[in-house]
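Notes follow once the structure below has been shown.
This is a predicted model, so every value here is computed, not measured.
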Amino acid sequence: MPNFIAKSICDKPYPFGKDDVEFLWEVSGRKEKLIYSKSMDQSFFIISKLNEKNSYTIKGEKITRPSRVGLLQKALSVYKDENTKDVVSEAMAFKKTRLLEKPEYIVGINEFLEEFEKLKYNFKQIFIEIGFGSGRHLLYQARNNPNTLIIGIEIYKPSIEQVTKLAKSENLHNVKLVDTDARLLLSLIDSNLIDKIFLHFPVPWDKAEHRRVVSYEFAKECERTLKIGGNFELRTDSKEYFDFSLSLFLALENSQINIKKNQDLSVSSKYEDRWKKMEKDIYDMSYTCIKNSEEIKKESDFSFKNRYDLSKIALNFNNHTIKEEDYFLHFEELYKSDERLIIKLALGAFNKPERCYIKLENETCEYFIKQPLFTRENLKAHKILEDFLNQCKI
């Protein structure tokens with residue numbers, strides 16, 4: 001994450017900025033401040049934190065960070081020049097060549113879901129690749145299937161930017177890259193829609209199974225989103241991960257599975273090349289969907305309908321978690337100023353939690369910068385959040 005350390009802050013009055021970067025206001029928490037920032041078409045927080053050496057660490061905030069890291073780097077560079085003194089160190093590596101303009105390939109998950117409602121009718125097939133890494137396989141599929149929408153899901157931003165540049169250089173217009181958790185995205189896609197789902201060489205997480213992409217819930221989502229005849233393909237060098245995944249897909253009510261070992265594909269990832277040099281075995285599992293699934297019910301009401309007493313909410317706030325059978329709501333942190341409150345939350349399903357902020361201002365409340373996805377678990381958690389706020393309604 002880009003950051004720098006300065007000995008002092010100038011406390012310049014808000015709003016201020018330079019060029020197309022603006023800093024509009026700040027709120028204070030127990031250990032840090034959130035600074036609401038805008039760069040071009042993106043809004044996000046940067047963090048200012050007093051460290052043990054009485055210097056200030058200024059960095060990007062993870063939940064709201066923009067998909068184009070160049071925008072964050074530029075904002076930090078402007079903040080450094082405009083509102084700090086005596087910079088001790090910096091790790092920003094800002095280059096004008098980094099992605100600043102909005103590429104056609106990279107989208108956030110909410111933006112993707114909106115675009116997807118149109119895109120899904122424009123292509124004959126839809127492929128999803130989870131954790132595309134260097135992009136060799138994803139770009140191979142895009143080149144050889146021009147009438148297929150190729151959706152790449154990846155959480156490692158340098159990979160997203162690198163594959164974006166490669167897709168642009170090849171003039172590929174059937175690629176969308178989404179920075180999100182694959183489990184979340186699948187839970188929001190229509191049933192009986194996808195032709196192929198690829199998961200090649202995932203991190204095995206041998207000592208932390210709960211962190212694996214594959215779970216029984218994931219297997220059920222693959223079954224639901226795939227068309228009849230559609231395939232989920234796992235390719236891995238981990239026999240343990242292979243056996244684990246096979247057992248979960250066999251646990252589905254209807255399973256048709258093909259297994260191979262040490263098969264060569266038309267394209268090889270850099271990890272596969274490495275494993276082959278080490279003479280490791282490569283395992284393939286292909287699950288074929290033979291079931292037509294029911295459509296999911298999509299709800300979308302994340303509004304707050306009342307007006308609230310901000311002083312009472314601040315007084316009643318404490319760090320705590322509400323746990324129910326299949327979802328939770330965690331109140332993490334309160335940030336405040338004279339005009340507004342910002343509350344940091346974690347919520348949703350235990351195996352696919354989300355983190356977000358709500359902003360209370362002028363007696364109203366809204367999810368801020370990033371809205372939770374419209375999952376069943378998130379909607380349940382939202383109702384619990386409303387109950388908490390309604391204790392202080394006007």
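- Atom CG of residue D190 and atom CD of residue E295 lie 5.5 Å apart, to the nearest 0.5 angstrom.
- Crowding of K227 atom NZ: a count of heavy atoms from other residues, nucleotides or ligands under 6.0 Å exceeding 12.
- A continuous path of Ile, Leu, Val, Met, Phe, Trp and Tyr side chains, each step under 4.5 Å between heavy atoms, connects I194 with V178, placing both in one hydrophobic cluster.
- Residue E114 qualifies as open at atom CD: its count of foreign heavy atoms under 6.0 Å is 12 or below.
- Taking the charged nitrogens against the carboxylate oxygens, K176 and E115 do have a contact shorter than 4.0 Å, which makes a salt bridge.
- With a 6.0 Å radius and a threshold of 12 heavy atoms from other residues, nucleotides or ligands, K280 has its NZ atom above the threshold.
- R355 pairs in a salt bridge (Lys or Arg N to Asp or Glu O under 4.0 Å) with only one of the listed residues (E61, E333, E332), which is E332.
- Side-chain rings of H137 and F198 approach one another, their centers coming within less than 6.0 Å.
- In this structure, K59 NZ and L72 CG are separated by 11.5 Å, a value rounded to the nearest 0.5 Å.
- In this structure, W25 has its ring center closer than 6.0 angstrom to the ring center of F368.
- Residues passing the salt bridge (charged side-chain N to carboxylate O under 4.0 Å, His left out) test with D20, sequence neighbours excluded: K74.
- Cation-pi geometry between R212 and W205 is not satisfied (NZ or CZ under 6.0 Å from the ring centre, within 45° of the ring normal).
- With values rounded to the nearest 0.5 angstrom, L226 atom CG is found 12.0 Å from N292 atom CG.
- Two rings, from F374 and F302, have their centers less than 6.0 Å apart.
- For the pair N174 (side chain) and N145 (backbone), a donor-acceptor distance under 3.5 Å is present.
- Separation of the F232 and F218 ring centroids falls under the 6.0 Å cut-off.
- Between Y308 and F304, the ring planes are perpendicular. Angles over 60° get that label, and only those under 30° would be called parallel.
- Partner of R224 under the side-chain hydrogen bond (donor to acceptor under 3.5 Å, both in side chains) criterion, chosen from S187, S293, S191: S191.
- Summarising the local packing, CD of E325 is surrounded by 12 or fewer heavy atoms from other residues, nucleotides or ligands at distances under 6.0 Å.
- Salt-bridge check for D301 with K305: passed, with a basic side-chain N closer than 4.0 Å to an acidic carboxylate O.
- The local environment of CD1 in I155 is sparse, with at most 12 non-hydrogen atoms from other residues, nucleotides or ligands closer than 6.0 Å.
- Contact check on K276 versus E279 returns no salt bridge, with no Lys/Arg side-chain nitrogen under 4.0 Å from an Asp/Glu carboxylate oxygen.
- A centroid separation of 6.0 Å or more is found between the aromatic rings of Y367 and Y357.
- Linking ILVMFWY side-chain heavy atoms closer than 4.5 Å, directly or via other members, places F45 and L360 in two distinct hydrophobic clusters.
- S134 and V163 make their closest contact through O-CG2, 3.6 Å (heavy atoms, listed as atom of the first residue, atom of the second, distance).
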